Amino acid sequence: MIIIMLGAQGTGKGTVAGLLSEKLGIPQISTGDIFRKNIKEETELGIEANKYMSKGMLVPDDITVPMVAKRLEMDDVVDGAILDGFPRTIEQAKKFDEMLAAKGKKVDLVVNLTTPRDEIIERILTRRVCSNQECKATYNLIMHPPKKDGICDKCGAKLVQREDDSDESAINKRLEIYDVQTSPLVEYYEKRNVLRKEEISSRINRLGDKVASDLIEYIKESV
Ligand code: AMP
């Protein structure tokens with residue numbers, strides 16, 4: 001099963017994708033995480049991607065698309081995957097369709113997560129991530145703080161703030177890009193009847209756990 005998580009940065013795509021991945025036993029593929037790993041390891045791809053990421057811009061397709069195609073070749077994707085952060089443009093969605101068709105697969109479900117904009121900004125500024133690339137657990141200083149200040153509950157590594165999360169102008173740039181380039185994907189997938197909308201917000205007390213468990217129910221019944 002191929003599931004795509006849509007939603008602006010800070011809506012909780014990564015959290016929901018991680019929970020679905022655990023429950024469904026298929027990998028979460030986060031393009032942002034793959035880029036960050038490459039940046040940390042100072043690979044050629046990482047150095048190139050960082051030129052765009054640090055400014056809150058999308059990494060060009062000639063870097064992103066082959067990277068995803070390569071990831072889809074790996075053995076753990078045989079039964080499906082949860083895409084978190086890809087596709088991000090109509091062009092990428094079309095290329096993704098082609099990649100899947102060549103493997104006899106298709107997009108089965110697209111989840112569109114929505115959160116009020118002011119809550120998103122607050123959430124991004126208070127987000128902390130585990131510095132251990134094998135763990136990558138995500139926390140929020142207000143909604144989901146670690147038990148011990150600055151330390152990951154799961155693996156004990158240091159928690160850090162993503163470079164692009166600390167700069168408010170880069171955050172706004174990313175949200176602007178989302179509105180212009182990524183939100184048209186909602187209509188793209190709506191037309192194919194694979195889109196499911198989910199509101200995720202602390203104001204209605206509906207966070208990642210609840211959204212993920214509702215989605216699992218839905219998947220069992222309908223997909
Ligand atoms: P994320 O972790 O999904 O918030 O992504 C962080 C950053 O990685 C984005 O702001 C982009 O610079 C880059 N990125 C991630 N996924 C893509 C993609 N599908 N296309 C282009 N750039 C991406």
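Each ligand, and each atom within it, is numbered from 1 in the order the structure gives. Quantities reported herein were computed from a predicted structural model and do not represent experimental measurements.
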Out of curiosity, is Y52 lining ligand 1, as in a heavy atom under 4.0 Å away?
no
Less than 4.0 angstrom from a charged side-chain N to a carboxylate O is my criterion; do R174 and D165 meet it?
yes
Given I3, which of V111, D108, V194 fulfils the side chain to side chain contact (heavy atoms under 4.5 Å, CB included) condition?
V111
For atom 22 (N) of ligand 1, the protein heavy atom that lies nearest, with its residue and separation:
V59 N, 2.9 Å
Which residue holds the protein heavy atom closest to atom 10 (O) of ligand 1, what is that atom called, and what is the gap in Å?
R174 CG, 3.8 Å
Taking only heavy atoms of R36 into account, list the atoms of ligand 1 that are under 4.0 Å away from them.
2 (O), 6 (C)
Distance filter under 4.0 Å to T64 heavy atoms, resulting ligand 1 atoms
18 (C), 19 (N), 20 (N), 21 (C)
Just jot down the ligand 1 atoms closer than 4.0 angstrom to any heavy atom of Q92, in number order.
18 (C), 19 (N), 20 (N), 21 (C)
Side chain K13, main chain M5, donor-acceptor under 3.5 Å
no
Return the residue, atom name and 0.1 Å-rounded distance of the protein heavy atom closest to atom 23 (C) of ligand 1.
F35 CE1, 3.7 Å
Winner among M53, R88, Q9, K13 once heavy atoms are compared against atom 1 (P) of ligand 1:
R88
Compute whether any side-chain donor of one residue and acceptor of the other, for E198 and N112, lie under 3.5 angstrom apart.
no
If you measure only the distance, is there a donor-acceptor pair under 3.5 Å linking the side chains of E199 and T115?
no
Please determine whether side-chain hydrogen bond (donor to acceptor under 3.5 Å, both in side chains) holds for the pair S202 and E119, giving the CA-CA distance in whole Å, both sets of side-chain angles, and the decisive distance to 0.1 Å.
CA-CA 8 Å; S202 55; E119 192 178 332; 3.0 Å; yes
So, K103 and E98, do they make that salt bridge, N to O below 4.0 Å?
no
Which of the listed options, R162, M57, K173, R127, holds the heavy atom that is closest to atom 4 (O) of ligand 1?
R162
Are the charged groups of R162 and D167 less than 4.0 angstrom apart, N to O?
no
What are the atoms of ligand 1, with element, lying closer than 4.0 Å to any heavy atom of T31?
15 (C), 16 (N), 17 (C), 19 (N)
Closest approach of any protein heavy atom to atom 19 (N) of ligand 1, naming residue and atom
G85 O, 2.8 Å
